[in-house]
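Notes for the one structure printed next.
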Amino acid sequence: MAEKYTPQEIEPRWQAQWVADGLYKVVEDPDKEKFYFVTMLPYPSGDLHIGHWYAMTPSDAAARYRRMQGYNVLFPIGFDAFGLPAENAAIKKGAHPYKWTLANIDHMRGQLRSMGAMWAWDHETVSCDPEYYKWTQWFFLKLYDMGLAYKEFAPVDWCPNCNTTLAREQVWGDDRHCERCGTPVIKKELNQWKFRITRYAQELLDGLETIDWPERVKTMQTNWIGRSEGAEVTFTVAPDCLSDAQPGEGDLGVFTTRPDTLWGATFMVLAPEHPLVSRITTPAQQAAIGAYVQQASRLDEIARGAVDKEKSGVFTGAYAVNPVNGARIPIWIADYVLMTYGTGAIMAVPAHDERDFDFALKFGLPIVPVIDRPDGRAKSVIWDGSVTEGFEAALQGAGIAYKYLTIPERGRFFGVPLESDAEIDAFTAILQAHLRPGHWADIVGRRWQVVFDDAVMTLDSAAADEAIMARCQAGYDYMGQFRTTMAMWSDVAWYSDVLFHHEYGTMIHSGAFSGTPGGRAKADVTAWLAQQGVGKAAINYRLRDWLISRQRYWGAPIPMIDCPTCGTVSVPYGDLPVVLPEDAEFLPTGESPLKFHAGFRNVTCPQCGGDAERETDTMDTFMCSSWYHYAYVTPYHKAGQRLSPNDTPWDEAQGAYWLPVDQYTGGIEHATMHLIYTRFFTKAMRDMELVPFDEPMLRLFNQGMILGEDNEKMSKSRGNVSAPDDLVVRHGADTIRAYLMFIGPWELGGPWNSKGIEGVARFMNDVWNLAVDGEGQIGNSSYDEKAVRELRRTAHQTIRDVTSDIEAFKFNTVVAKLMALRNALKAARSTAIYGSAAWDEALDSLLLLVAPIAPHISEELWQRRHPGPSVHVQRWPAWDADAAKEDVITLVVQVNGKVRGKIEVPAGVDEAAARELALADPNVQRHIAGKTVRKVIFAGGSLVNIVVA
RNA sequence: GGGGCGGUGGCGGAAUGGCAGACGCAUCGGUCUUAAAAACCGAAGGGGCAACCCGUGUGGGUUCGAAUCCCACCCGCCCUACCA
């Protein structure tokens, strides 16, 4: 009986041996091409999850493959060790965050080692080590010196459970809850440190084109940065509404993406927090405005998320002047205008902006269309009592289609859809000829006219709106309920699809610009605004500055000091790190212990020597992870030494060799957080002249998520968690690794299946038995050239296919193809090929190709066959194109696209021969009998399609 | 509302213009066994004795040929959301 495969024995033995041999020691070697491979570092929660295996072991396989290809590979690991869970554990269990974290890291190191990954442990970094966060603080000072860090008193999102502020991207969902604990956030006004990431908005956008990242991430970042092009236009508060104004004080700048709609701006809306609100509100509106502003701020505190919320707002009593036509327009406040975007004020163009349209209808504000409908559609509704006999016949005579509409209690109407200018002209003429005195009908969608028996009025201004309504209300009491012409029209359900649009189109009702085609309108108006000195082209970004202050203990202290004499003063570089005091008290009040720690808080001002106070906020942990892939290069560089602004956080020779990251892998959930911050960091580092490149990671791959057997996210509460430690005991790390890679495309993730892993376990057993079992074989078949060639072909095709698949991170098909090679070897084992040169070649190839996937079994078997250097330093096998080539192929014969025959032919058969063979096939003959062959297609060297009719 | 990804046997999935279902799981039959498990060998998309027919969410289109390309729709998941 042959020796059994026992991963439980083999795996720890090799893991220890590799450490002893220094197999994964990394040394810079200028003669070798480097490959810097990083997988996102774990948070030391205390227990390794199968998700970590899913993220890390395929990365390890890819890194090992690079190494076997001859690259000098750096594949480091570290811990993102600051963060709330440690502090919460401290409050709950009394364990100090530092001890708690280090104990977790210690446990996790062991778990990580059980993966058998080729981590460069010499390069490990732990972000909560003072020698690490010394540099995190150094970066803060550098950013501060560059004017990229600033302190601002502003409303921020606050998690009442975690007792800290959150960055915008850490607030999730419709109910705006905390990313970490799920508690809905509230608004708080606090003095906070921020980084000017917005200064790099355009570069962050442009840089995306230079990196090989998934389109999905690029799209998410593009949307998050949210560039929009338009113009800044200066409206002014009407002089009588801001009596004591200094010059320029009444200027009310707005950002708009649609300067071509300026003539349709019939009112303005300010954010409730806008500084001008209190200045311009008239005494009569004071009470209402005050109440609304207060309600708006409270609403922020409770829940801002109300989707599809009814529009609300209050008139300030003040007016502004529209710079393009001098129109006097009312200024309102409303919470749909955000203080944090653009200028906190908008010009409202209700005819072409849906939010403004809703608002105007609700509050009776005039709506004036200023962009023609590109589709040319218009509609008219005429009460049959408004027109004289013969109207209907005239419509028919002119070939104008119409239908009858019945409006309850108002009788019968003609509904006339109008599709062209000519039709509208003809229709207007007929209408005018048939309208009874005192009656009217309207044309909406285009033209925007009300045709009276004696006049035509056009809705081309707020004044016209008033005039039209005056006349309609005078003519018909029913219209008294409507405040604007558009409100009157919107009462007619049949009009609903032509009243509003936001397309670009020919400008109308816009003074001298009327008639400007949509393609030019925006540019033309912008140029004119600049020339008039009332506006200019402008670009706005949705991206906000990065809020990094956290009101918690367990983070890197912000190295700043507040001095009553000198103001905000930075800690001198040479004094870093600002160390977290170990004797802090963790109380369940939620307040940061640093706030109450006198020894930490009270300092001497480095500038004047007087008493001063230390900043007690710590930094967002994304700050630590923004530069950890630089820290790996030389862990804890200059440990124990004083720093200066001219330092480099890593050994410069090492940095020059390894940087930047060639391949990065990790989850998609960081698309608009870590992955944007670290790009910002690198661009700032380039401006500090620390690095000569613009992007931190050249290639990125996002793996999917491993789910529970029930296809749901794994969670303890669902009880669907697969614990990796148990799995290692049962199956061994190699089997888990291979199974996780086999389960499906890496980027998609998928459900764990405890049955499915059996197939991979059998594979490992088979590989083992193929190499170890001395019994199979021989039989009495004679040595067969053809069978040898076939085994070699399979082996070389496998090398070829596995190489291209591993290159593309298609691990699932890599494993499938290795299984197929296993099948071929199993079949060959009971033939005379067993033990031949071809057999040895195929088996060695299998072991080499398996090595990145299953490092232990491949090493054990390789050493048994070839005692000496590790399988992991062997050269990745090359395929022989000749050996891989098929010599017989199946010629598929189709008749009219359906398969009617398959013929074995020599590979490389020419068209004439293929055609002849195909047509001679008896079944094919049967299908073309009695029909005319129209065409014969020969494709791909292996398919003939005979087209008959 | 906007954007993205996806829909293929009982299941995970392969095939990105040329034999649909590679590889594996589960299933069924067989060998071994007192028996079962394991292991090994074999079968297998559905229908039909067969020739064949039908099959990649639905409907159309392009093509000699479509899971694959185009159009419309349905369903699922993810991201985003009053961004002017």
Side-chain angles (χ1 to χ4, degrees), chain A residues 172-174 214-220 222-224 226-228 230 254-258 261 265 268-269 271 304-309 311 334-338 340-349 352-356 358-359 540-544 668-669 671-672 704-705 711 738-739 742-745 747-748 750-760 762-763 765-766 769 801 810 812-823 826 830 890-902 923 926-927 934-949:
Chain A
W172 287 10
D174 283 350
E215 281 309 313
R216 193 153 59 121
V217 176
K218 292 189 187 185
T219 306
M220 283 169 76
T222 302
N223 293 341
W224 190 257
R227 176 190 159 106
S228 46
V254 301
F255 173 74
T256 177
T257 55
R258 293 298 301 271
T261 64
M268 293 188 77
V269 186
R304 277 180 69 162
V307 187
D308 294 334
K309 207 183 68 182
K311 288 274 179 296
D335 64 4
Y336 80 91
V337 175
L338 310 174
T340 46
Y341 184 79
T343 63
I346 62 158
M347 66 171 198
V349 183
H352 305 292
D353 180 288
E354 206 152 3
R355 295 153 302 174
D356 298 344
D358 293 347
F359 193 83
N540 230 298
Y541 300 91
R542 216 182 66 120
L543 186 73
R544 309 286 158 80
I668 185 83
E669 66 273 14
T672 55
M705 203 184 350
N711 223 335
Y739 176 62
F742 183 62
I743 210 162
E747 67 273 23
L748 295 185
W752 176 265
N753 181 332
S754 49
K755 287 283 189 189
I757 197 170
E758 298 295 345
V760 177
R762 275 174 211 142
F763 170 72
N765 257 310
D766 288 343
N769 291 335
D801 296 348
K810 289 161 71 175
N812 57 329
T813 51
V814 167
V815 177
K817 281 158 191 163
L818 293 175
M819 286 173 166
L821 178 56
R822 172 265 318 253
N823 291 343
K826 275 176 82 171
S830 52
T890 305
L891 182 71
V892 174
V893 187
Q894 299 180 333
V895 177
N896 284 347
K898 284 185 194 293
V899 179
R900 299 300 179 190
K902 293 181 182 184
N923 197 40
R926 214 163 57 75
H927 280 92
R934 298 251 180 248
K935 210 177 193 182
V936 178
I937 286 133
F938 180 63
S942 65
L943 184 137
V944 175
N945 189 12
I946 301 163
V947 184
V948 296

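Scope of the values below: all heavy atoms of this structure, side chains included, with no hydrogens, waters or symmetry mates. Just so it is clear: chains get the letters A, B, ... in the order the sequence lines come, proteins before strands, and each one is counted from 1. Remember, predicted model here, so these are calculated numbers, not experimental data.
- Using a 4.0 Å heavy-atom cutoff across all strands shown, A/R926 reaches sugar-phosphate atoms only and no base atom.
- Residues A/L891 and A/L943 form no side-chain contact, since every pair of their non-hydrogen atoms from C-beta on lies 4.5 Å or further apart.
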So what does the secondary structure string of RNA chain B come out as, 5' to 3', with Watson-Crick or wobble pairs under 3.5 angstrom, [ ] for crossing and | for pairs with another strand? (((((((..(((.....[....))).(((((.......))))).(((....)))..(((((..]....))))))))))))....

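- Looking at A/I946 and A/Q894, their side chains never come closer than 4.5 Å, going by heavy atoms from C-beta outward.
- Of the listed nucleotides (B/rG4, B/rG18, B/rA20), B/rA20 has the atom at the smallest distance from the side chain of A/V899.
- Side-chain atoms of A/V948 and A/R934, non-hydrogen and from C-beta on, never get closer than 4.5 Å to each other.
- Backbone-only engagement by A/K826 is indicated by non-hydrogen atom pairs under 4.0 Å involving sugar-phosphate atoms exclusively.
- A straight line from CD1 of A/I946 to C1' of B/rG18 spans 14 Å, rounded to a whole angstrom.
- Both A/R216 and A/K898 lie close to RNA chain B; mapped to their nearest nucleotides by heavy-atom distance, the more 5′-ward contact belongs to A/R216.
- A donor-acceptor pair is defined here as one N or O able to donate and one able to accept, closer than 3.5 Å; such a pair exists between the side chain of A/R544 and the backbone of A/R542.
- The shortest distance between the side-chain N/O atoms of A/K902 and the OP1/OP2 oxygens of B/rC19 is not below 4.0 Å.
- For A/P745, taking side-chain heavy atoms from C-beta onward, the closest of the listed nucleotides B/rG13, B/rA81, B/rC52 is B/rG13.
- The glycosidic torsion of B/rG9 lies within 90° of 0, placing the base in the syn range.
- Remark: P of B/rA51 and NE2 of A/H927 are 11 Å apart, rounded to the nearest angstrom.
- The nucleotide whose nearest atom lies closest to any side-chain atom of A/I743 is, among B/rG12, B/rA20, B/rG18, B/rG12.
- Side-chain contact between A/T219 and A/W224 is absent, with no heavy atoms from C-beta onward closer than 4.5 Å.
- In this structure, A/H352 reaches neither bases nor backbone, as no heavy-atom distance under 4.0 Å exists between it and the strands shown.
- Nucleotides B/rG60 and B/rA67 have their P atoms positioned 15 Å apart, rounded to a whole Å.
- When the C1' atom of B/rA66 is taken as reference, atom CG of A/N945 falls 13 Å away, rounded to whole Å.
- Residue contacts for A/D801: at a heavy-atom cut-off of 4.0 Å it reaches no nucleic acid atom on any strand shown.
- In this structure, A/V760 and A/M819 have side chains that are in contact, with non-hydrogen atoms separated by less than 4.5 Å.
- The base of B/rC82 is paired with the side chain of A/K311 by a donor and an acceptor separated by under 3.5 Å.
- Backbone-only engagement by A/N923 is indicated by non-hydrogen atom pairs under 4.0 Å involving sugar-phosphate atoms exclusively.
- A/S942 has no side-chain polar atom (N or O) that falls below the 4.0 Å cut-off from OP1 or OP2 of B/rC19.
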Could you pull out the protein-nucleic contacts involving nucleotides 21-24 of chain B (nitrogen or oxygen on both sides, under 3.5 Å)?
residue : atom : partner : partner atom : Å
B/rG24  : OP1  : A/R822  : NH2          : 2.8
B/rG24  : OP1  : A/N823  : ND2          : 3.2

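- Of the candidates B/rC52, B/rC82, B/rA84, B/rC52 carries the atom nearest the A/R900 side chain, counting heavy atoms from C-beta on.
- Rounded to the nearest Å, the gap between the C1' atom of B/rA35 and that of B/rA14 is 40 Å.
- Side chains of A/N765 and A/R762: no donor on one and acceptor on the other come within 3.5 Å.
- At least one side-chain heavy atom of A/T261 sits less than 4.5 Å from a side-chain heavy atom of A/M347.
- Taking atom C1' in both B/rU27 and B/rG45, the straight-line distance is 14 Å, to the nearest Å.
- Straight-line distance from the CZ atom of A/F763 to the C1' atom of B/rA39: 18 Å, rounded to whole Å.
- With 3.5 Å as the limit, one finds a donor-acceptor pair spanning the side chains of A/Y341 and A/S228.
- Between A/I346 and A/D356 there is a side-chain heavy-atom pair separated by less than 4.5 Å.
- Contact of the A/V947 side chain with the A/V936 side chain is not registered, since no non-hydrogen atoms from C-beta on lie closer than 4.5 Å.
- Taking the P atoms as reference points, B/rG18 lies 43 Å from B/rA37, given to the whole Å.
- Nucleotides B/rA15 and B/rG59 are separated by 25 Å at their C1' atoms, to the nearest Å.
- Here, B/rA26 and B/rG10 have their C1' atoms 8 Å apart, quoted to the whole Å.
- When the side-chain nitrogen and oxygen atoms of A/K755 are compared with OP1 and OP2 of B/rG10, none of them lie within a distance under 4.0 Å.
- When each of B/rA84, B/rA15, B/rU80 is scored by its nearest atom to the side-chain atoms of A/V337, the top-ranked nucleotide is B/rA84.
- Within 6.0 Å of CZ in A/R227 there are more than 12 heavy atoms belonging to other residues, nucleotides or ligands.
- Computed from coordinates, the A/L891 CG to B/rG18 C1' distance equals 12 Å when rounded to whole Å.
- Atom P of nucleotide B/rU80 and atom CG of A/L543 are separated by 14 Å, given to the nearest angstrom.
- At the heavy-atom level, A/I937 lies under 4.0 Å from base atoms of the strands shown.
- As a whole-Å value, the separation of A/D766 CG from B/rC40 P is 6 Å.
- The separation between A/W752 atom CH2 and B/rG13 atom P is 15 Å, rounded to whole Å.
- Comparing A/Q894 and A/N223 by the nucleotide of RNA chain B whose heavy atom lies nearest to each, the residue mapping closer to the 5' end is A/N223.
- Candidate nucleotides B/rC19, B/rA84, B/rG3 were compared by shortest atom distance to the side chain of A/F255, and B/rA84 ranks first.
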